[in-house]
Visitor: 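Have a look at this one.
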2 protein chains.
Amino acid sequence: MKFEAVTIKDIAKALGISTSTVSRALRDSYEISPETKQLVLDCAETLNYRPNPIALSLKERRSRSIGVVVCEIANSFFSQVINGIESIAYDKGYNVIISQSHESYEREMMDLHYLSSRSVDGLLISLSTETNDISHLQALHQKGLPIVMFDRISDEIQTHCVVADNFKGAYEATEHLIQRGYKKIAAIANSEFLSITTERLAGYKEALHTYGHKYNNAYVKHCFYGGMVFSEIEEAVNKLFTLKQRPDAIITTSDKLTTGCLKTLVRRGIRVPEDIALVGFSNSDLAELLNPPLTVLRQPAMEMGRDATELLLQLIESKRPITQFEKRVLSPELILGHSSVPQPDLQLIK
Amino acid sequence: MKFEAVTIKDIAKALGISTSTVSRALRDSYEISPETKQLVLDCAETLNYRPNPIALSLKERRSRSIGVVVCEIANSFFSQVINGIESIAYDKGYNVIISQSHESYEREMMDLHYLSSRSVDGLLISLSTETNDISHLQALHQKGLPIVMFDRISDEIQTHCVVADNFKGAYEATEHLIQRGYKKIAAIANSEFLSITTERLAGYKEALHTYGHKYNNAYVKHCFYGGMVFSEIEEAVNKLFTLKQRPDAIITTSDKLTTGCLKTLVRRGIRVPEDIALVGFSNSDLAELLNPPLTVLRQPAMEMGRDATELLLQLIESKRPITQFEKRVLSPELILGHSSVPQPDLQLIK
DNA sequence: TTGTACGCGTTATCAC
DNA sequence: GTGATAACGCGTACAA
């Protein structure tokens, strides 16, 4: 019942020649006569021969597969990144093995162990929110495993990185609100230990500074699990709303936070943008579903996946060790929802 | 620079014993003395030995990896399914190789070719919208590749299937609208060649029939690419709105259609549910973002992924060929958005 | 209880 | 131009 795959041996037997000749003919070696070549090729075609990638891997000591570790697949941003990764990997004949950390450090470690035991040729990783010790990654890196980090990175490992221009993105989002006349702009951000959080908040602060707004610590809320736990966001929003100086606008610095914040506001019957303005990082299409559409900051997710994969494959396939590492920075895009933020004169005072 | 992996050979050499002894000790064979076992285990630990899965695969003629073909990863439903697949596969030590058809028949063929050349041990597939000829799948199936289909299936292949109760789901959604007093209920569905479309429309029709509504062909629109091409949905909505007897409610039978429909309505300034009611299949969290929240039909995506994977692994690991195939049907859930559909007395007449 | 020899599918290195 | 052989890392039937 179980089907037997056709091997070069079968071809050799069928043609009464040796396996090495078959192998060479298939690889179009110059030392094989045209007639034999044709014979072998035809026979391979007839028998529907397919080379066994596993045998090849064993011989070449490479699996032609790369590992990917992200916190969550079911997240617009990451699924788009994976799209990008797949498109490049597929083109170059590489396998993509995806695993999720679910924002857990322990799970991330298990994933890495799993992937390295699967002998992937390289690794693409965006750190989990719980991860502050990356010695496990460093160990792999030192053993010679090519690694490229994206989005949530750490500078404790000397390797290629691909990130969004988080500073600029957050700056522009904040600036956008300021220019629309908002004075009390709050921010709901991820864990302060993530690289993206630091950068995004820096952009937020810088914009406030540039426009002469003063920074208010009470206006900045962190959600450690970045919205995986919904109550986190709910609590952040609620806290902002109990402040004496209630904010008139919110910036949310990630996909899940934007969704979660909006959800909380809707549940509480708070209207956007009439009661409070909202601009958030988001790669889902939620913005277009609202009336009026929300202004969002879209990350170059697909591009990030593509770039990271290109760099990784370059790393994998380069013979000599690389000394100069690249940090590629991609620009996010502020997508204006028409009139999602009222003009200053229409602004409700609360 | 490139690191050399530790093999049983290294252990054998270090301990001055043969590789077979090492191999047996590591596999905890009964024919090895406890002392030797301990010795080998310790040594393996010290050298940080990791078995080479590729060598194992070659030997056992199995890759311990399964292939997944879906139309799109960046789709709430499918990313949730993949979540389910991964959770089971991971537990059982299987690899998951995902590839996307992007609703293209040609691409699906390429994916299958790629995966089978990667010698996956089994296959999970949800057909692309373009696929009406599945002889390529049948070929693989006849060659002995275990296959489990989910969501978008075909009965031309005798194998396990996991689907949602599409009939019941659509029936309930329609019934819900009818009970709220809607009389002119339209449907926007996927390609009529997909199994899910047939089943869902059947549920829709049956509900109409049960409640004595007459079925109107003009109220049913098909989007061949199921919303991948936005203009398709836009056109469907527009056509519904130019009918003399304009519908007072719409049912959308997939994630992307629901999102796309809502997007179109918002763009045109049509309010939901004041101007028209909407109930759709959706696994994204968009429903909760609207005010009032939308009533949606949620599919048991994660469960579908888990079930399909369990069935597949069962198929893979069973020694004798299976003759009795299972079709597992999971129930979708109608999630009521509070007052997203006005009561009959509140209903606006167009 | 342990070691030897072979095979999984392929390619590289010899030899002819 | 082609064939035999070894090797990649592992498990196991057989021999000792």
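Side chains included, hydrogens not; waters and symmetry mates left out as well; all remaining heavy atoms used. A note on names: the letters A, B, ... follow the listed sequences, proteins ahead of strands, and every chain is numbered from 1.
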Visitor: Considering every strand and a 4.0 Å limit on heavy-atom distances, what is the contact class for B/Y30: base, sugar-phosphate, or nothing?
Guide: nothing
Visitor: At under 4.0 Å between heavy atoms, what does A/R24 touch on the DNA or RNA strands: base, sugar-phosphate, or nothing?
Guide: base
Visitor: Of A/R27 and B/E31, whose closest DNA chain C nucleotide lies nearer the 5' terminus?
Guide: B/E31
Visitor: For A/R62 and C/dT10, what is the distance between atoms CZ and P respectively, to the nearest whole Å?
Guide: 17 Å
Visitor: Strictly by modelled atom types, are B/N52 and B/R50 linked by a side-chain donor-acceptor pair under 3.5 Å?
Guide: no
Visitor: When we call it a touch if two heavy atoms are under 4.0 Å apart, what does B/I17 touch: a base, just sugar-phosphate, or nothing?
Guide: sugar-phosphate
Visitor: Round to a whole Å and report the spacing from CG of A/L39 to P of D/dG1.
Guide: 16 Å
Visitor: Under a 4.0 Å threshold between the charged nitrogen and the carboxylate oxygen, would B/K37 count as salt-bridged to B/E31?
Guide: no
Visitor: Any salt bridge linking B/E86 with B/R306? Criterion: basic side-chain nitrogen under 4.0 Å from a carboxylate oxygen.
Guide: no
Visitor: If you measure from the Lys or Arg side-chain nitrogens to the Asp or Glu carboxylate oxygens, is any gap between A/R64 and A/D121 under 4.0 Å?
Guide: no
Visitor: Should B/T21 be listed as having a side-chain N or O under 4.0 Å from OP1 or OP2 of C/dT2?
Guide: no
Visitor: Does OP1 or OP2 of C/dG9 have a side-chain N or O of B/R61 closer than 4.0 Å?
Guide: yes
Visitor: What's B/S33 touching, base or sugar-phosphate or nothing? Going by heavy atoms closer than 4.0 Å.
Guide: sugar-phosphate
Visitor: Atom CG of A/D28 and atom P of C/dA12: how far apart are they, to the nearest Å?
Guide: 14 Å
Visitor: Does C/dT4 have OP1 or OP2 under 4.0 Å away from a side-chain N or O of B/S20?
Guide: no
Visitor: Answer yes or no: does a side-chain N or O of A/K59 lie under 4.0 Å from OP1 or OP2 of D/dA6?
Guide: no
Visitor: Taking only the side-chain nitrogens and oxygens of B/T19, find out if one of them lies under 4.0 Å from OP1 or OP2 of D/dG11.
Guide: no
Visitor: Check the phosphate of D/dG11 against B/S23, side-chain N and O only, distance under 4.0 Å to OP1 or OP2. Yes or no?
Guide: yes
Visitor: Taking atom C1' of D/dT2 as reference, at what distance in whole Å does atom CD1 of A/I11 sit?
Guide: 16 Å
Visitor: For A/R64 and C/dT11, give me the distance from atom CZ to atom P, rounded to whole Å.
Guide: 12 Å
Visitor: Between B/T36 and A/L58, which residue's closest nucleotide on DNA chain C lies nearer the 5′ terminus?
Guide: B/T36
Visitor: Rounding to an integer number of Å, can you tell me how far A/E60 CD sits from C/dG9 C1'?
Guide: 12 Å
Visitor: Please determine if A/R328 forms a cation-pi arrangement with A/F150, meaning its NZ or CZ atom is less than 6.0 Å from the six-membered ring centre and no more than 45° off the ring axis.
Guide: no
Visitor: A/S57 near the nucleic acid: base, sugar-phosphate alone, or nothing, with a heavy-atom cut-off under 4.0 Å?
Guide: nothing
Visitor: Once you round it to whole Å, what is the distance between P of C/dT11 and NZ of A/K9?
Guide: 13 Å
